[in-house]
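Quantities reported herein were computed from a predicted structural model and do not represent experimental measurements. Remember, it's 1-based here, ligands and their atoms both numbered in the order they're listed.
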Amino acid sequence: MRKNIVAGNWKMNNDLEASKLLIKNLLNEFPSKLDNTKRIIVAPTFVNLIPIVEMTKNTAIEVAAQNMHFAQSGAFTGEISASMLKGIGVNIVILGHSERRSMFNETDEILVKKVESALQNKMEIIFCFGEMLEERKAGNHFKVVEDQIKKALFNLNESDWKQIILAYEPVWAIGTGETASPDQAQEMHAFIRKIIAKKYSQELSNDVSILYGGSMKASNAKELLSNPDVDGGLIGGAALNADEFSAIIKSI
Ligand code: PEP
């Protein structure tokens with residue numbers, strides 16, 4: 001059964017002190033584990049992963065990395081591998097975020113390798129994808145999203161999909177304050193389920209959690225999350241504020 005998930009991508013924000021304070025405040029709001037239909041995930045920067053993993057052990061909060069390299073080890077200065085993340089207790093990784101695609105030249109080919117490495121290391125993947133404004137304006141958004149999903153994920157076995165969480169993030173809505181309307185989000189999420197059902201099965205398609213990301217905040221979360229195919233949110237800016245993030249979590 002798919003779960004309702006709220007995941008916070010902290011990006012390159014929050015030093016150690018701020019990271020700990022944010023977690024402390026979130027744990028005050030959510031002192032015990034949630035029922036097993038709901039999940040809370042936070043993705044701090046690499047350097048703050050170890051203390052946050054420690055702080056959140058046996059709590060409702062799970063910890064994800066924001067990225068990883070596809071190789072296990074080697075001469076890749078400044079990079080971090082899946083096995084290193086697993087070694088510190090991080091079992092989830094965000095891959096394919098639009099900022100990585102656009103600013104760090106992360107191609108579909110690189111993402112195929114990263115997905116493979118994460119799966120081999122038994123990590124869960126929050127896989128991000130979404131169209132740019134020009135692509136939506138040109139009416140190509142369904143095709144763009146289908147291509148991104150097909151290229152990176154349609155080579156997977158049905159069983160691999162247990163480790164996949166999808167995050168539809170229209171690029172024009174990320175960090176811009178502009179949000180997809182609830183109808184636009186629902187329309188795309190339903191389309192994603194349709195292509196997964198066609199490629200794999202209706203059952204698998206029903207079981208995949210599909211998050212929406214793009215300027216989701218406390219004030220618009222309820223409406224977006226009330227859609228039948230929107231199972232949660234990947235949150236950037238609003239995840240940096242404990243009250244905002246908690247209010248979004250309470251909307252799932
Ligand atoms: C994101 O970066 O994944 C994101 C959704 O950011 P924001 O919520 O700030 O738009």
Side-chain angles (χ1 to χ4, degrees), residues 4-14 18-19 22 26 39-46 48-49 52 61-68 90 92-106 111 114-115 118 124-133 135-136 141 144-145 148-149 152 164-182 184-186 188-189 192 208-225 227 229-252:
N4 294 313
I5 302 169
V6 175
N9 173 14
W10 294 0
K11 311 191 185 187
M12 200 173 72
N13 293 298
N14 287 340
S19 300
L22 183 47
L26 290 174
R39 296 175 68 184
I40 307 171
I41 301 173
V42 295
T45 56
F46 283 129
N48 292 321
L49 284 171
I52 301 307
I61 300 177
E62 299 172 73
V63 180
Q66 296 176 17
N67 178 36
M68 54 166 243
V90 173
I92 311 167
V93 63
I94 298 173
L95 293 179
H97 191 279
S98 69
E99 285 153 17
R100 300 240 26 114
R101 291 178 191 257
S102 66
M103 292 188 248
F104 302 98
N105 304 319
E106 202 152 277
L111 283 168
K114 289 191 175 192
V115 167
E124 251 184 309
I125 299 165
I126 300 177
F127 186 80
C128 308
F129 52 87
E131 81 284 359
M132 295 197 278
L133 185 58
E135 294 167 331
R136 178 164 279 267
H141 42 297
V144 168
V145 162
Q148 287 173 329
I149 295 175
I164 304 290
I165 297 163
L166 297 177
Y168 168 55
E169 298 207 301
V171 179
W172 48 271
I174 296 180
T176 58
E178 195 168 333
T179 317
S181 70
Q184 284 172 323
Q186 170 56 28
M188 183 58 85
H189 286 221
I192 294 162
V208 182
S209 293
I210 310 179
L211 316 185
Y212 165 79
S215 300
M216 193 190 279
K217 41 189 183 279
S219 59
N220 60 24
K222 264 209 169 69
E223 223 189 337
L224 283 159
L225 296 169
N227 282 302
D229 289 304
V230 180
D231 305 310
L234 180 56
I235 323 293
L240 301 174
N241 177 299
D243 291 340
E244 277 281 316
F245 194 59
S246 299
I248 298 171
I249 295 164
K250 287 173 188 165
S251 307
I252 57 171

Query raised in the report: So, for Asn14 and Asn48, which heavy atoms are closest and what is the spacing to 0.1 Å?
Result: O-ND2, 3.2 Å
Requested in this report: Write out all pairs satisfying side chain to side chain donor-acceptor pair (under 3.5 Å) with one or both partners inside residues 241-252, taking only residues at least two apart or from two chains.
Outcome: Glu29-Lys250
Report task. For Ala173, check side chain to side chain contact (heavy atoms under 4.5 Å, CB included) against everything at least two apart and list the hits. Result -> Pro170, Tyr212
**Report entry** Lys/Arg N to Asp/Glu carboxylate O, Glu169 vs Arg101, below 4.0 Å
**Finding:** no
Report summary line: Residue shell for ligand 1, any heavy atom closer than 4.0 Å, reads Asn9, Lys11, His97, Glu169, Ala173, Ile174, Gly175, Gly213, Gly214, Ser215, Leu234, Ile235, Gly236, Gly237
Requested in this report: Output all residues satisfying side chain to side chain contact (heavy atoms under 4.5 Å, CB included) with Val144, sequence neighbours left out; order by chain, then residue number.
Outcome: Glu131, Glu135, Asn140, Gln148
Report summary line: Between Ile174 and Ser98, the two heavy atoms sitting closest are CD1-OG, 3.3 Å
